[in-house]
Amino acid sequence: MLKEGWDVTNLYTIVPLRAADAPILVEQQIGRGLRLPYGGKRTGVADVDKLTVIAHENFEAVIAKANDPNSVLSKVTYVELDNDDLASIQGKVVKAATQMDAEEQRTVQKATTETEKKNSQAIMDAKRAVWKVIPLMNSSVKSAKDLSSPEIISKIKSLTREDIIKYTQAANPLFADEEAQPLLAEVDNVVEIVVKYFIDNIIEIPRMTIQQETYRAEFQWFDLDVSSGFDLPALNEEIIRVSLGAGEKSVDILQVIPGRKFDAPVNLIVNVLIDYDEIDYDENAELLYHLAGQAVDAIASHIEDKADLPKVVNQFKTVIGDNIYTQMQHHFVMKPTGYITPKVLPFTGMSEQHITEILGFGRTDYRDPVKRGDVPKYIFTGFIKSYYTECKFDSQTELDFANILESDSKVLKWLRPASNQFNIYWSNGAKRYEPDFIVETTDCIYMVETKAKKDLTTEEVQAKKKAAEEYCKNATEYTQTNGGKPWKYHLLRHDMVDKSKSFDYLMAISS
C-alpha cells in the first residue's frame, strides 16, 4: 500500500512488518504518512499532526539521520510506545462461529436442569463426531446426496464410534469408557440428522488440488548457421609412438593407411549430440538429423575430395557437435503445457475459520452502519445464509456484497472461505489462492473475487483468475457428470458493488 499510487492523507501510524534496507525506500514510505489530513495544514492538535513510526533496527538507522536538513525525516518525531500502549492496539485470534455452533448454543440454553444440560451436550458432541467423519466419505460417493444411502450411513456410524473411542482414550485414558458411553449411545440417533443437515446446508465444494502450470522444455526448429566453423581440412591419420626404454626417449610418427569404413557422417554427428543431457533423442530426432544434414552439406562444400567427407566428420565430430549444440541452446524454450489434471472428489469438509478480534471494536451486526475505514476492524455477525454466522471483511465492498448475498432471494447459500478451504495454487505453485466468496444459487455455484478497478488487469490478479478458472472448469466437468451444479468464476469490480444491486445483475457485468 505504501508504494506508488496510494494517496491517503489520514495515515497516523506506520507499522513496518519487514526490514527495508534501502534508505530512500524508507523515506518514501514515511513520506506517505506526512500528508496532513485537513487541507494540507497543521491543526495544532498533536495527535492529528503527528506521524508515529513503530521502528525496527533499519528504520532506526534511517531516523538517526534525521538531523540532515535535506532529509524528509527531519520532520518526523520519533516516539517510543510502552507496553500498555502496545497492548491497546493488539487483538486476539478467535474461531468464527458456525451455524452448528449457533444450534448448540440454542440447545444448551433450552436445558434447565443439570441432567438436561449433560444430555444436550452429549447429543451435540455426538453430532460433531459424525460431522467430522462425513468428509471421509468423499471417496465412496459421487455426490453429497449419496451420503444418505443405507450403506454409507452404516459406514459413518462405524467410523464415528471408532473416532469417539480413540479420542476419549487419548484425552482421558482412566475414564475413557465412562466419557465415551453417552456419545456412543447417541450416534445411531443423530447420524441421519447430521447427514441431512450436511447435505442441506453446506456448499458442495469439490476436493481437488489445482497445481500451477507445468512446463515442457524443447528445442525450437531452426536452420543451422554454417557461416563459420565448418571449413574443416582432411587430416592425415597418424600413430605417434613414444619409446620409453633406457637412454633417450624417441618419438616415431607412423602414417596410417586408411582401411576402415566410417558410419554415415550425419549419424556420427547425431551420436555426439545425443550425449548432451539436455537433448532427448525421441523428442528431437527430426531436428537433430535436420541440423546434422546441414552441417555435413556445409563441410562437404569446403572439401575437394568428397571421399574424405566421412573421415573429416569423424575427426572433428566433437567440435561439430559442440558448434551445433551451442546454436541449439539459443533456441531452447519452456512451453506451458497447461495445468496438471487433478483427481476430483465430490466434496470436502468445512475448514475452521480463524479471525482476529481487535480490542475496542469486537462484534457488530452486519446491517449496522460503520465507518468505511473501520470495516476491517470489526467482526460482523447475524448471517443466516452463510455457513459461518460471523465474518470479517477487508473492505466496504466485501461487506456490501455480503449484504446483497443475505438479502437476495436468488442466493441459497454463501461462504467466505477459510484460508485453507481450497487447494488452488498459482505463481509456479508457490502461492495459494484464497477466493473472497463462494455463492450457490438454484442453478450454479459462483466463485467471486472483488477487486479494485485499477487492479483488474495486473499480472497477479490475472494469474489468480487463471488458476481459479481451472478449478471451476474441473469442478464443472465432475459435477455435471454426477448431477451437480456448474461452477463459474467472476471477477467483480469494486465500483459496481452497491447494496441496491441484485446478485444476478452483478454476475451479468463483465469485469
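Reckoned from all heavy atoms, side chains included, excluding hydrogens, waters and symmetry mates.
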Participant: With a 6.0 Å cut-off (strictly less than), is the heavy-atom count around CD of E459, excluding the residue itself, greater than 12?
Facilitator: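 No.
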Participant: Taking the six-membered ring where the residue is Trp, are the ring centres of W131 and Y197 under 6.0 Å apart?
Facilitator: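 W131 vs Y197: aromatic centres under 6.0 Å.
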Participant: So that I know where these two stand, are H331 and F222 an aromatic pair - ring centroids less than 6.0 Å apart?
Facilitator: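 Yes; F222 has its ring centre under 6.0 Å from that of H331.
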Participant: Do the side chains of D163 and K166 get close enough for a salt bridge, i.e. N-O under 4.0 angstrom?
Facilitator: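 Answer for the salt bridge query: no.
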Participant: Please determine whether ring pair (Phe, Tyr, Trp, His ring centres under 6.0 Å) holds for the pair F347 and F198, giving the CA-CA distance in whole Å, both sets of side-chain angles, and the decisive distance to 0.1 Å.
Facilitator: CA-CA 11 Å; F347 56 82; F198 186 91; 5.5 Å; yes
Participant: With sequence neighbours left out, what residues match K392 under salt bridge (Lys or Arg N to Asp or Glu O under 4.0 Å)?
Facilitator: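 Expected list: none.
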Participant: For A418, is there any backbone N or O sitting under 3.5 Å from a side-chain donor or acceptor partner on H354?
Facilitator: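 Between the backbone of A418 and the side chain of H354 there is no qualifying donor-acceptor contact (under 3.5 Å).
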Participant: So does K465 pair up with E449, basic N to acidic O under 4.0 Å?
Facilitator: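 The answer is no: the pair does not qualify as a salt bridge.
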Participant: Centroid-to-centroid, Y378 to F393, below 6.0 Å?
Facilitator: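 Aromatic pair excluded; centres sit 6.0 Å or further apart.
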Participant: Is atom NZ of K473 surrounded by more than 12 heavy atoms (other residues, nucleotides or ligands) closer than 6.0 Å?
Facilitator: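 For K473, atom NZ is crowded (more than 12 foreign heavy atoms under 6.0 Å).
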Participant: S407 side chain to I404 main-chain N or O, any donor-acceptor pair under 3.5 Å?
Facilitator: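 At least one qualifying donor-acceptor pair exists.
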Participant: Ring centres under 6.0 Å, that's the criterion: do Y388 and F383 meet it?
Facilitator: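 Here the rings of F383 and Y388 have centres that are no less than 6.0 Å from each other.
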Participant: Salt bridge between K385 and E406, side-chain N to carboxylate O under 4.0 Å?
Facilitator: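 E406 and K385: not salt-bridged.
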Participant: Quick one: do D394 and R416 make a salt bridge, cutoff under 4.0 Å?
Facilitator: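 Looking at R416 together with D394, the answer is yes, because their closest N to O distance falls below 4.0 Å.
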Participant: Whether the side chain of N271 engages the backbone of N267 through a donor-acceptor N/O pair (distance < 3.5 Å, no angle test) should be reported.
Facilitator: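 Yes.
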Participant: Looking at Q294 and L224, would you say the former's side chain and the latter's main chain have a donor-acceptor pair under 3.5 Å?
Facilitator: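 Confirmed, Q294 side chain pairs with L224 backbone.
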Participant: Just by modelled atom types, is the V448 backbone N or O under 3.5 Å from a matching donor or acceptor in the D436 side chain?
Facilitator: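 Not a single qualifying donor-acceptor pair exists.
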Participant: Please name all residues satisfying salt bridge (Lys or Arg N to Asp or Glu O under 4.0 Å) with K317, sequence neighbours left out, ordered by chain then number.
Facilitator: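 Listed in chain order: nothing, the list is empty.
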Participant: Is the shortest side-chain N to carboxylate O distance from D101 to K95 below 4.0 Å?
Facilitator: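 So D101 pairs with K95 through a salt bridge.
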Participant: Keeping Q99 on the side-chain end and S386 on the backbone end, is there a donor-acceptor pair under 3.5 Å?
Facilitator: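 At least one qualifying donor-acceptor pair exists.
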Participant: Give every residue pair that meets the side-chain hydrogen bond (donor to acceptor under 3.5 Å, both in side chains) criterion with at least one member in residues 276-287, sequence neighbours excluded.
Facilitator: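 For residues 276-287, and leaving out neighbouring residues, the side-chain hydrogen bond (donor to acceptor under 3.5 Å, both in side chains) pairs sorted by first residue read R216-E283, E278-Y325.
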Participant: Tell me if the centroids of the rings in F401 and F437 come within less than 6.0 Å of each other.
Facilitator: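 Aromatic pair counts; centres sit under 6.0 Å.
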Participant: Go through the structure and list residues passing side chain to side chain donor-acceptor pair (under 3.5 Å) with K501, not counting sequence neighbours.
Facilitator: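 Side chain to side chain donor-acceptor pair (under 3.5 Å) list for K501, sorted by chain: empty.
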Participant: Does K464 pair with E460 as a salt bridge, N-O distance under 4.0 Å?
Facilitator: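 Yes.
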Participant: What about the rings of F422 and Y433, do their centers lie closer together than 6.0 Å?
Facilitator: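 Between F422 and Y433, the centre distance exceeds or equals 6.0 Å.
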Participant: Go through the structure and list residues passing side chain to side chain donor-acceptor pair (under 3.5 Å) with D504, not counting sequence neighbours.
Facilitator: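 Applying side chain to side chain donor-acceptor pair (under 3.5 Å) to D504 gives K410.
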Participant: For the pair T476 (side chain) and C472 (backbone), establish whether a donor and an acceptor sit closer than 3.5 Å, ignoring hydrogens and angles.
Facilitator: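 Side chain of T476 to backbone of C472: a pair is present.
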Participant: Are any side-chain N or O atoms of N138 and backbone N or O atoms of P346, one a donor and one an acceptor, separated by less than 3.5 Å?
Facilitator: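 Not a single qualifying donor-acceptor pair exists.
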Participant: Does a side-chain N-to-carboxylate-O contact under 4.0 Å join E469 and K466?
Facilitator: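 The answer is no: the pair does not qualify as a salt bridge.
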Participant: Do Q327 and D225 have a side chain donor and acceptor closer than 3.5 Å?
Facilitator: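 There is no such pair (donor and acceptor under 3.5 Å, judged by atom type) between the side chains of Q327 and D225.
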Participant: Do P233 and F316 have side chains that approach each other closer than 4.5 Å (heavy atoms only, starting at C-beta)?
Facilitator: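 They are in side-chain contact.
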Participant: Taking side-chain hydrogen bond (donor to acceptor under 3.5 Å, both in side chains) as the cut-off, I'd like each qualifying pair that reaches into residues 140-150, sequence neighbours left out, listed once.
Facilitator: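 Pairs touching residues 140-150 that pass the test: S143-K145.
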Participant: What about the rings of H290 and W221, do their centers lie closer together than 6.0 Å?
Facilitator: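 Judged by ring-centre distance (under 6.0 Å), H290 and W221 do meet the cut-off.
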